[in-house]
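One structure is given here, and the rest of the page talks about it.
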Amino acid sequence: MIACRIEPKGQVEPEGEGVWRSTGSDPQFRLTHPRGGRLFPFRFAGGWVRIRADLEGLGSTKPVPLLYVDDGSGFREEEAVRLEMRDGGIDDLVRLPRRVRGLRLDPLAASGRFRLARATLEPLRGPAAALAVARRLVARLPEEERGPRPLLGRLARLARSRPPAALWRAFWDSARPRPAAASYAAWIAQVERPTLPTPEAMLAAIAGFRLRPRISIVMPVYNTPRPYLEAALASIRAQAYPDWELCLCDDASTAPHIAPMLDALAAEEPRVRLHRRTRNGRIVGASNDAMALATGDWITLIDHDDVIPPHALFAFVEALNADPEIDFLYSDEDKITIQGERYEPFFKPDWSPETLEACMYTAHLALYRRDIVDRIGAFRAECEGAQDYDFVLRYTEHATRVRHVPQVLYHWRAIPGSTAQAMDNKGYVVAAAVRALEDRARRTGGLDFVRPTAFAGSFHLRRPLRERPLVSIVIPTAGRDSEVRGRTVDLLAACLASIRERSRYDAIEIVAVDNGDLRPATKAALERFGARSVTWDRPDFNVAAKMNLGARAATGEVLVFLNDDIEIISPDWIEAMLALLQIPGVGAVGPKLLFETGELQHVGVTVIDATPDHPRRSYPREDPGHFFSTAGNRNYLAVTGACVMVRRADFEVIQGFDEAFAVNYNDVDLCLRLRERGLRSVYCAEVELYHYESRNRARTVAVDEQARFRARWADVIPKDPYYSEWFEALPPTFELDPARF
């Protein structure tokens, strides 16, 4: 038996005593020999190995352990083995290949805290291996097939119940790696590959296109390793859509293979336009020189070591033929290893203006109208490193019609030191992105600040308030007590205290909506904190009607509907939400809400199959989300009514909350009706508040209200535009769900 050394390799931080905190969605450990050297002796010829480790999720963290085996070809996603958990740890059998160069253990696929210690490997030989496999084979049988007999009796019964061929197949299947649940490789095989258009189908469709624009592909080149440059150029020449030109700029490369490769390509391919710099201009100079060669109606940008699939340009032009008024298109993307294996897909939201101001989410592949590009100018040297982010920020200020093409049309090569591998590899990129966002803010309403979040690649942008309107905080309350941090508190009094004592914004009025039975101490708190109350005097429970009553009694231009079990954390919570609400097109803003434990309660609301839910609920407070979905501001279909800010004028136009949703869905319905008027909802990641009571309260749903919600919205919103159909739906985790493909 080998007692392995557990070495952290990425996205984990130690907290002591075998406790770790994942800082991303892909925490990794290497299992190595305790004394160094080979993990297995030279005489190891492959076969069964029992792997055991102490692994426990802490809090709400759920371990999903995966084992990766490097057989000399690297750690490959499609070869990942999903390990079984027993008795609070990993205990499984794995059949390893003859050559094992390394083992990697990924304990979970999300942020969270967990305990990992004592990992052992036990090679099994002959009878021991056969017995262990037989035990596992029997353990996987249905209870009725297992019976109470000893192992040999169960095996004999099993042999009599199935044909020998079926029994052998079951035995052999148990010896094969069990693919990781929801692996991207499975998605590629089961979803993408069967739906790809054939070359014949694409040619037939192209022949019928009314629009056949020329697409100028801009590619700066500098000392690209030969295999990657060959792959990038080959992927462009393999495009089914033929009306393209490749605008190349060699940025004074010193590698001897670059010039001959590009010269040969230009000589044999008439669609190639080549410029060669005599001095290195870095990415901005080379990109601008390449763009100056463009003659097409549309421009796209491809890096010199990345690749695109053969249907990439076809998919874009197909979208343009369906809607010729489109100004900007962007696709999904993934990453590709140096071995050519695809991983880490980014299934993007549909057009999300506030998301773009939090991170460069449109990225690749994207298509830009040349007339708009001519209007805004080329890449700016002051944003070197984030020049594409600055470019799309400026471009979208002139684009009125944006379309997301939900296909993976770009494979971003992750090589050591590249931004694809980690933005931390290029720290100057973050500084350049901050400059780009600061300029964006100055052009579109003024700059308060731009700050990087704790996760490189995401940012908080805030504009100054143009005015400081009176904000009316409406709090429906039952005037009850609750247990908070081990003590009994008057929820309303505590909520009022936190508002008055921690909020910086001074133009606030507070209107509590009670049931007419507030206790003297609670009434005294209302007076002490400068709040007033109105009474809901009907016997039935209807939170929507209570909030409407409070809104009518309030006088502010801006309304904040707030649960009485909220405690303020961020002192500038009103300023941050107001800064978003003042953006044209924004109709509702909601903050990050935390359970008392610090875990996430609300970071936006999804609506999938006409069922609202909270993404990443119970994930750790520091969770970055899916490509910064938690860390940065983001558009969602709705935000929670536990804390939502709206303009009074918008609220009154849609006649407030629908009182037919007395208990559930009134907040989501409100946001969706605002959306029908062209107003979007925004999750404000800068603001954090505690939301206590919902942690322990049962999540009940009124069946009649659920039916009413579905009747109203199922056909209007057949899919959530901000959440991929391939992700787990209930609960929405932003993680691939194998049940959906």
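The first residue of the sequence shown is numbered 1, and numbering continues consecutively from there.
Salt-bridge check for Glu354 with Arg680: passed, with a basic side-chain N closer than 4.0 Å to an acidic carboxylate O. Using a 4.0 Å cut-off between a side-chain N of Lys or Arg and a carboxylate O of Asp or Glu, Glu686 and Arg462 qualify as a salt bridge. The residues Glu357 and Arg463 are annotated as salt-bridged, a charged nitrogen and a carboxylate oxygen being separated by less than 4.0 angstrom. Checked for salt-bridge contact, Asp390 and Arg380 meet the test: a charged N lies under 4.0 Å from a carboxylate O. Look at Lys335 and Glu344 and you find a salt bridge, because one of the NZ, NE, NH1 or NH2 atoms lies within 4.0 Å of a carboxylate O, short of that distance. Between Arg394 and Asp439 no salt bridge is recorded (no basic side-chain N to carboxylate O distance below 4.0 Å). The pair Asp323-Arg401 meets the salt-bridge criterion, since a charged nitrogen lies less than 4.0 angstrom from a carboxylate oxygen.
Side chains of Ser570 and Glu688: no donor on one and acceptor on the other come within 3.5 Å. Counting only N and O atoms by type, the side chains of Ser629 and Arg616 include no donor and acceptor under 3.5 Å apart. With 3.5 Å as the limit, one finds no donor-acceptor pair spanning the side chains of Gln407 and Ser331. For the residue pair Tyr505 / Arg468, no side-chain donor-acceptor distance below 3.5 Å is found, with atom types taken as modelled. Counted by atom type alone, Arg214 and Thr295 present one or more donor-acceptor pairs between their side chains at under 3.5 Å. With 3.5 Å as the limit, one finds a donor-acceptor pair spanning the side chains of Asp623 and Thr630.
Heavy-atom minimum distance, Val221 versus Ser253: O-OG, 3.7 Å. When all heavy atoms are compared, the tightest approach of Cys249 to Asp289 is SG-CB, 3.7 Å. Asp303 and Tyr410 get closest at one heavy-atom pair: N-OH, 3.1 Å. Nearest heavy-atom pair across Arg413 and Ala231 is NH2-CB, 3.7 Å. Scanning both residues, Leu367 and Phe328, for their nearest heavy atoms gives O-CD1, 3.3 Å. Taking each heavy atom of Ala358 and Asn633 in turn, the nearest pair found is CB-O, 3.4 Å.
Looking at residues two or more places apart in sequence or on another chain, you find a salt bridge (Lys or Arg N to Asp or Glu O under 4.0 Å) between Asp669 and Arg673, Arg712.
Proximity of a side-chain donor or acceptor of Glu728 to a complementary backbone N or O of Thr733 within less than 3.5 Å is not detected. The closest donor-acceptor contact from the side chain of Ser472 to the backbone of Gly556 lies under 3.5 Å. Remark: side-chain polar atoms of Arg647 are paired, donor with acceptor, to backbone N or O of Leu581 under 3.5 angstrom.
Within the structure, ring-ring contact (aromatic ring centres under 6.0 Å, His included) pairs that include any residue of residues 296-326 comprise Phe209-Phe314 (at least two apart or interchain). The salt bridge (Lys or Arg N to Asp or Glu O under 4.0 Å) pairs that include a residue from residues 366-377 are Asp327-Arg369, where partners are two or more places apart or lie in different chains.
The closest side-chain heavy-atom distance from Arg342 to Glu192 is below 4.5 Å. You'll find the side chain of Leu670 reaches within 4.5 Å of the side chain of Ile654, heavy atoms only. Within the 4.5 Å cutoff, the side chain of Leu365 has heavy atoms near those of the Ile302 side chain. Residues Val474 and Leu562 form no side-chain contact, since every pair of their non-hydrogen atoms from C-beta on lies 4.5 Å or further apart. Using a 4.5 Å heavy-atom cutoff, the side chains of Leu679 and Val586 are not in contact. Between Ile215 and Tyr241, some side-chain heavy-atom pair lies under the 4.5 Å cut-off. Here the side chains of Leu637 and Ile717 are in contact, with some heavy-atom distance below 4.5 Å. Looking at heavy atoms from C-beta onward, Asp334 lies in side-chain contact with Tyr184 at the 4.5 angstrom threshold.
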As a quick check of understanding, evaluate salt bridge (charged side-chain N to carboxylate O under 4.0 Å, His left out) for Glu333 and Lys348, giving each step before the final call. CA-CA 8 Å; Glu333 62 187 87; Lys348 302 173 185 177; 2.7 Å; yes

Step-by-step salt bridge (charged side-chain N to carboxylate O under 4.0 Å, His left out) determination, Arg677 to Asp650: CA-CA 9 Å; Arg677 299 189 61 81; Asp650 296 330; over 6 Å; no

Set out, in order, the CA-CA distance, both residues' side-chain angles and the distance that settles salt bridge (charged side-chain N to carboxylate O under 4.0 Å, His left out) for Arg443 and Glu438, then state yes or no. CA-CA 9 Å; Arg443 291 190 304 268; Glu438 289 174 342; over 6 Å; no

Kindly determine whether Arg403 and Glu325 satisfy salt bridge (charged side-chain N to carboxylate O under 4.0 Å, His left out), including the steps that lead there. CA-CA 10 Å; Arg403 167 78 184 277; Glu325 300 303 313; over 6 Å; no

For a side-chain hydrogen bond (donor to acceptor under 3.5 Å, both in side chains) check, start with the C-alpha distance between Trp573 and Ser503, then their side-chain angles and the critical distance, and finish with the verdict. CA-CA 7 Å; Trp573 68 289; Ser503 301; 2.7 Å; yes

Arg648 vs Glu557, test: side-chain contact (heavy atoms from CB on, under 4.5 Å). Steps then yes/no. CA-CA 5 Å; Arg648 172 183 290 279; Glu557 295 176 48; 5.5 Å; no

Using the rule given for side-chain contact (heavy atoms from CB on, under 4.5 Å), can you reason through Arg212 versus Val317, listing the C-alpha separation, both sets of side-chain angles and the distance that settles it, and then say yes or no? CA-CA 7 Å; Arg212 287 191 52 166; Val317 178; 5.6 Å; no

For the pair Asp613 and Val605, evaluate side-chain contact (heavy atoms from CB on, under 4.5 Å) and give the outcome as yes or no after the intermediate values. CA-CA 6 Å; Asp613 206 345; Val605 175; over 6 Å; no

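Aromatic pair Phe347/Trp187: ring centres closer than 6.0 Å. Tyr330 has its ring centre less than 6.0 Å from the ring centre of Tyr361. In summary, the aromatic rings of Phe734 and Phe727 are positioned with their centroids under 6.0 Å apart. Checked against the 6.0 Å centroid threshold, Phe628 and Phe459 do not count as a close aromatic pair. Aromatic pair Tyr722/Tyr636: ring centres not closer than 6.0 Å.
Other residues, nucleotides and ligands contribute over 12 non-hydrogen atoms within 6.0 Å of the CZ atom of Arg621. Summarising the local packing, CD of Glu676 is surrounded by more than 12 heavy atoms from other residues, nucleotides or ligands at distances under 6.0 Å.
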